[in-house]
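One structure below.
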Amino acid sequence: MDNRPIGVFDSGLGGLTVVKELHRLLPNENIVYLGDTGRVPYGTRSRETIIRYAQQDIDFLLKKDIKMIVAACGTVSSTLPREISSALPIPYVDIVLPAAQEACAMSARGRIGVVGTNATLKSNAFGRAMRNIRSDIHVYGNPCPLLVHLVENGMIEPDNQITNLAVQMYLEPLMKEDIDTLILGCTHFPILYEIFNRLLDYKVTLIDPGRCAAKYVQSILLKHSMTAEQTTAGETEYNVTDEVESFDKTASIFLGEKIGRNVHRVELV
Ligand code: DGL
C-alpha cells in the first residue's frame, strides 16, 4: 500500500484524458498533474527540445514525492529515450504500448490509422510497437498539429465548426485507406472524441490512449501492491506553467467538475 500521489504530465490539457480515467478507475488515489501550458505545443519542436522539456517536467514531479510517473503525452512517450525512463527511481508509464496493445486487439482487418503530433508521427513509435505485437497489420499515419491549438484554446464543443473542419481535413487521407481502427495518438485528441466518432460515421474503432494508459497504471499498482490505502476520495493537485484561468475553464468543462482552487501556477527550472 502506498498513499503517495501518482505524477502525471503533459504539455497542456491533453494529459487530463489520463487523469479523468484515473479518477474513475482509482478514485482513492492522490494525483499531482503538471501541464506545461507555457511551452505547449511540444509536438512541433526538435527531439532535443522535447527531451529537455520532458526531463524538467519529470524533475518537477519527482520533487513532489510521487510513487509513479505517467507521461500522458504522445509526443514525450514516443521521443524520450528508454535510457532516461528506465533510470528513473520510480515506475514510468507512457501511452504508446497500452494504446498499441489495445489497437492490435481491437482491429478486425488490421488496417490501423494513427493521428498525433509531427514528432510522434515522425518517430513511428506506435507503428513499431504494433508490429512487435501483430505482424499482419497495415499502419497509416497523419500528423494533426492544429488540433492541439484548438483544444488549448477551448474549441472543444462537438459542434464547433472550425474544429470539425480541421478534424475532417486530417481524417480524409485515412478514410481513403479504409482503416477500421484509429489510435488518437496525442492525448489532446480524445477531448474531441465525439467529433472524430461522428465524422467517421461511428464505423471506426477509436483508441483513446488516456484510457488505455490509466488501465495500465491500475494493473501496475495492483501487481506491485502500490495502490492507496486510504478509503476516502483522493485529491488532485493541478500545476500549470502559464495562466491558471484558461486552463481551469477548459479543464473544468472536460472533467465535468470545477477544479479552480486546486490549480497552481508554477515555474520549471
Ligand atoms: N498531448 C500531447 C501529445 O500527446 C502534446 C501535444 C503537443 O504539445 O504538441 O502529443
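We count ligands from 1, going down the list as the structure has it; atoms in each ligand are counted the same way.
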Before giving the answer on ring pair (Phe, Tyr, Trp, His ring centres under 6.0 Å), spell out for Tyr33 and Phe9 the whole-Å C-alpha distance, their side-chain angles and the decisive distance to 0.1 Å.
CA-CA 6 Å; Tyr33 185 79; Phe9 74 97; 9.0 Å; no
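- By the side-chain contact (heavy atoms from CB on, under 4.5 Å) test, Ser246 pairs with Glu243, sequence neighbours left out.
- Contacts of ligand 1 (protein heavy-atom distance under 4.0 Å) are Asp10, Ser11, Val40, Pro41, Tyr42, Gly43, Cys73, Gly74, Thr75, Thr117, Val148, Cys186, Thr187, His188.
- Pairs passing the side-chain hydrogen bond (donor to acceptor under 3.5 Å, both in side chains) check and including a residue from residues 182-194, sequence neighbours excluded, read Glu152-His188, Glu194-Tyr202.
- Arg4 has a carboxylate O that lies under 4.0 Å from a charged side-chain N of Asp65, or vice versa, which qualifies the two as a salt bridge.
- Tyr42 and Asp57 share a donor-acceptor pair across their side chains, judged by distance under 3.5 Å alone.
- For Thr117, the side-chain contact (heavy atoms from CB on, under 4.5 Å) criterion is met by Thr75, Ala119, Thr120, Val148, Cys186, not counting sequence neighbours.
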